[in-house]
Protein chains: 2
Amino acid sequence: MQAVGKNKTREEKRKEKLDIILRNASKAFMEKGYYKTSLDDIAQMQNVTKPTLYYYIKNKEDILVKCEEEACLRINGLLDEIILINGNGFQKLYQFVQGYINIVTDDIIRCHVRHRGQMEEESLKLKSIQNHKDIEARVREIIRIGIEDGSIRECNATILAILLFDSLNGISSWYKSDGQVKSDELTEEVLALVTHGVIGD
Amino acid sequence: MQAVGKNKTREEKRKEKLDIILRNASKAFMEKGYYKTSLDDIAQMQNVTKPTLYYYIKNKEDILVKCEEEACLRINGLLDEIILINGNGFQKLYQFVQGYINIVTDDIIRCHVRHRGQMEEESLKLKSIQNHKDIEARVREIIRIGIEDGSIRECNATILAILLFDSLNGISSWYKSDGQVKSDELTEEVLALVTHGVIGD
DNA sequence: TATATATGTTACTGAATAGTAACATATTAT
DNA sequence: ATAATATGTTACTATTCAGTAACATATATA
């Protein structure tokens with residue numbers, strides 16, 4: 001229930017309204033779950049009726065698809081930046097973890113993380129799985145760079161990438177910006193754990 | 001669709017049939033999702049009709065509850081063993097990771113991991129969340145023991161426990177016993193990552 | 001064997017809700 | 001101003017599915 005600004009073109013307003021729908025839907029999906037959230041619920045959150053939603057989305061599932069598009073844009077954007085910076089593989093991975101934690105606490109991204117690969121329509125499901133595979137492959141590549149330049153220890157890059165994503169994505173389901181754990185400390189602890197593990201000196 | 005053995009008491013048969021229901025339901029929930037799996041689907045998997053299920057379960061949600069009970073028994077059992085073994089905190093944590101990976105690849109446990117805290121009935125939901133909190137607290141305690149005896153480096157035990165569970169629980173959603181990643185290698189890589197992190201020598 | 005109880009079936013109901021058709025109003029561009 | 005299009009509403013349909021009532025059969029035990 002956020003006001004839409006004035007002095008905008010029709011297309012800008014449209015984009016804003018779609019964004020509000022996605023944010024509200026994401027919040028509801030995270031709190032009550034996808035199937036327990038009706039389109040009427042979502043419509044009510046922005047004081048419109050259900051058929052109005054259909055002017056902005058194709059169907060309920062399309063909300064998940066649009067959240068995914070947004071998420072992929074941001075994650076791939078981060079990876080694009082990281083490939084360009086100079087530094088060894090470890091430094092790139094370090095930057096990725098930092099950036100990803102920042103991204104993964106946004107409602108739309110959280111919604112994507114929780115629902116990716118769970119679309120009912122088979123083609124959408126496959127696309128969603130592929131999207132994640134592509135991103136995982138890019139992180140794996142960073143890990144390989146690190147192994148080659150010696151900044152990351154010899155390990156199975158595939159398993160490492162998966163485990164890393166599991167713990168980072170997990171953050172999206174428990175982290176609350178107003179909760180006990182502060183964002184800075186979280187990032188610091190994650191980086192320390194990923195870097196050095198748990199072993200004492 | 002597994003046969004129920006003969007020469008058993010009524011109660012044993014009952015337990016076996018309940019177990020089959022839980023296993024089949026778990027498989028279906030993991031493949032198609034909880035809401036896309038109907039009780040008719042589950043009933044069909046063991047060649048009975050839906051009302052028959054109600055002789056073994058209270059309602060659909062009760063399947064999740066029973067999976068959770070089973071999971072808590074096994075996880076707490078593991079923790080009970082680990083507390084007793086002698087060894088420092090790190091060694092206990094190491095054993096826990098090893099044991100947990102073994103547990104978390106069972107269908108019923110996977111189902112629990114994916115659905116915990118998502119019950120519709122509020123009291124069940126709260127209980128489920130509490131169950132996990134209790135287990136997390138026990139792992140946190142192990143971490144504290146390790147920090148005190150110097151075998152685990154100074155860190156935020158709360159965050160570490162959460163991150164650890166996220167990556168371990170994540171395994172439950174992608175690991176397939178017939179897939180590429182072998183169980184031994186997985187355990188080895190997870191232990192190495194948790195122990196030493198990613199940093200090169 | 002008789003009887004209680006456990007296990008199962010067929011056939012139904014009641015509620016939720018995604019999606020749509022038909023209609024109404026506001027806004028923009030010509 | 002006016003036509004075209006964007007944005008919205010009310011009222012409905014069609015489907016899915018959890019849960020139940022009423023009835024039938026198998027099994028164990030007294």
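Letters go in sequence order (proteins before strands), and every chain restarts at 1. Just so it is clear, the model here is predicted, and its values are computed rather than measured.
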query: If you draw a 6.0 Å radius around NZ in A:Lys15, do more than 12 non-hydrogen atoms from other residues or ligands fall strictly inside?
result: no
Gap between atoms CG and C1', on A:Asp41 and C:dA16 respectively (whole Å): 11 Å
message: From NZ of A:Lys13 over to C1' of D:dT5, roughly how many Å is that when rounded to an integer?
response: 14 Å
task: Produce a footprint string for nucleotides 8-13 of chain D: one letter per nucleotide, 5' end first; B if the base is under 4.0 Å from any protein heavy atom, S if only the sugar-phosphate is, - if neither.
output: SBB---
task: Let me know the distance between NZ of A:Lys36 and P of D:dA18, rounded to the nearest Å.
output: 11 Å
query: OP1 or OP2 of C:dT7 sitting under 4.0 Å from any side-chain N/O of B:Arg14?
result: yes
query: Under the criterion side chain to side chain contact (heavy atoms under 4.5 Å, CB included), which of A:Val190, A:Ile159, A:Leu93 is the partner of A:Leu164?
result: A:Leu93
query: Can you find a side-chain donor-acceptor pair between B:Ser151 and B:Asp149 that sits under 3.5 Å?
result: yes
message: Please tell me whether A:Tyr100 and A:Phe165 form a close aromatic pair, meaning their ring centres lie under 6.0 Å apart.
response: yes
message: From CD of B:Glu61 over to P of D:dG19, roughly how many Å is that when rounded to an integer?
response: 9 Å
query: What pairs of residues pass the side chain to side chain donor-acceptor pair (under 3.5 Å) test when at least one of them lies in residues 79-98 of chain A, not counting sequence neighbours?
result: A:Asp80-A:Arg138
Distance, rounded to the nearest Å, where B:Leu39 contributes CG and D:dG19 contributes C1': 9 Å
- request: Let me know the distance between CG of A:Leu53 and P of C:dT17, rounded to the nearest Å.
  value: 15 Å
query: Roughly how many Å is it from CD1 in A:Ile42 to P in C:dT17, rounded to a whole number?
result: 11 Å
message: What is the separation between atom CD on A:Glu121 and atom P on C:dA18, rounded to the nearest whole Å?
response: 17 Å
- prompt: If you pin A:Glu11 and B:Asp40 to their nearest nucleotides in DNA chain D, which one's is more 5'?
  reply: A:Glu11
Member of B:Lys60, B:Lys58, B:Lys66 meeting the salt bridge (charged side-chain N to carboxylate O under 4.0 Å, His left out) criterion with B:Asp62: B:Lys66
